[in-house]
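Starting from 1, each residue takes its place in the sequence as its number. Worth knowing before you read on, the calculation uses all heavy atoms, side chains too, and leaves out hydrogens, waters and symmetry mates. None of the values given here were measured: they were computed from a predicted structure. Counting starts at 1 for both ligands and their atoms, in listed order.
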Amino acid sequence: MSIISKDISKAVKLLNNEEIVAIPTETVYGLAGNIYSEKAVKAIFETKQRPFFNPLIVHIPNIEYLETLVEDIPEKAKLLAEAFWPGPITLVLKKKSIIPYLITGGKDTVAVRIPNHPMTLELLATLDFPLAAPSANPFNRISPTTAEHVEGYFKNEIKMVLDGGPCQKGIESTIIGFENGEPIVYRLGSTSIEDLEAVVGNVIIKNKKEAAPEAPGMLERHYAPKTKTVLTSHLTKTLKDYKGLRIGLLTYNDILNNDAIDFKIILSESKNLEEAASKLYDALHQLDQQNLDIIIAEQLPDYGLGKSINDRLLRATKS
Ligand code: AMP
Ligand code: MG
């Protein structure tokens, strides 16, 4: 029997019972549990096979709730929360003692956001506790943007995926911490740097592992298909390099037909970066199922959401 269901009350029952449930958000599907239940939180880590040092994002129903979980909120954090919540930014703030260290990988900070999906907002408003929810994929694999992706990964491990349809944004939230009150981007994501800067002025990006020990879990290899994947900005040359192999192509808007390509996905014929982001992971899931020898991914323009997509593609290609 399928684990996919639209029944919010069933999700409430399972979560109240310290079980974990996959939930829809506007970014990707999450694997959710009560932040105060050690049983549920451990089940999240075990199901994902995620190392304990890699902290979880806490999902809350409204801005007022923030004060119960964190303290010393910088002015610019408040501005960002007001501008973008509910929505795809995650704020890393100083935790109050109520937040278990199991959630934060032992750190004194906690990552928090309000997701923008009507079913999950209803779920959060009904529950008496926030939800810890990392992306609902096994560690290092491609993030899920449909209930079917989650079912493909975890049909034997979890009892339910709350089906909220395909995720509208399609890549993870932008994660922002603060140093001396100034915003630092630890992970590029569904909110572009340009949009952040329109609200708080210049932001610094520290999304490389070496530069950001504050953001554990920013692994070089992540979001990866099983099929070998390469990223290129010289498509014609790269196609020649892999001549004779079964090639899959992931392209922004390329319409060129080339006999060397066995399977092709175009992310946005109209060159719309939002559309490209929303299709990215489903495209990688599809390409990974074609028994290809190689996936060639074309680099996108390096601005707006293109920057976030290129970040994911780069991490998908690291071995
Ligand atoms: P995921 O839940 O799979 O989207 O990944 C969550 C990511 O949030 C982690 O890999 C960390 O990079 C980041 N994160 C969560 N909590 C913290 C924290 N307290 N400090 C810095 N980064 C965090
Ligand atoms: Mg993830």
Please confirm whether E172 comes within less than 3.5 Å of ligand 1 when only nitrogen or oxygen atoms on both sides are compared.
no

Kindly confirm or rule out an N or O of S135 lying under 3.5 angstrom from an N or O of ligand 1.
yes

For I175, the ligand 1 atoms with a heavy-atom partner under 4.0 Å come out as 7 (C), 8 (O), 13 (C)

Of all pairs that satisfy side-chain hydrogen bond (donor to acceptor under 3.5 Å, both in side chains), the ones with a partner from residues 111-125, not counting sequence neighbours
T25-R113, E26-R113, T27-R113

I need the atoms of ligand 1 closer than 4.0 Å to a non-hydrogen atom of T109, numbered in the order shown.
18 (C), 19 (N), 20 (N)

Would the number of heavy atoms belonging to other residues, nucleotides or ligands and lying under 6.0 Å from NZ of K169 be above 12?
no

Heavy-atom contact under 4.0 Å between G177 and ligand 1?
no

side-chain hydrogen bond (donor to acceptor under 3.5 Å, both in side chains): pairs with one or both residues in residues 76-86, sequence neighbours excluded:
K76-E182

So, with waters excluded, how many protein N/O/S atoms does the Mg ion (ligand 2) have closer than 2.8 Å?
1

May I ask you to decide whether K279 forms a salt bridge with E274, counting only side-chain N to carboxylate O separations under 4.0 Å?
no

Pair E172 + R312: basic N to acidic O under 4.0 Å
yes

Between the main-chain N or O of L188 and the side-chain N or O of N207, is there a donor-acceptor pair closer than 3.5 Å?
no

Atom 17 (C) of ligand 1: of G30, G106, P55, the nearest heavy atom sits on P55

Going by chain and number, the hydrophobic cluster around I294 (ILVMFWY, side chain to side chain under 4.5 Å) further includes V230, L235, L239, Y242, L245, I247, L249, I261, I296

Check D254 with K264, please: is the shortest side-chain N to carboxylate O separation under 4.0 Å?
yes

Number the atoms of ligand 1 from 1 as they appear, then name those within less than 4.0 Å of a heavy atom of R50, with their elements.
1 (P), 2 (O), 3 (O), 5 (O), 6 (C), 9 (C), 10 (O)

Salt-bridge test for K94 and D72: reply yes if a basic N is under 4.0 Å from a carboxylate O, no otherwise.
yes

Looking at ligand 1, is there an atom of it that comes within less than 4.0 Å of some heavy atom belonging to N54?
yes

Give the atoms of ligand 1, by number and element, whose distance to some non-hydrogen atom of P134 is under 4.0 Å.
2 (O)

Got a salt bridge between E38 and K42, using NZ or NE/NH1/NH2 to carboxylate O under 4.0 Å?
yes

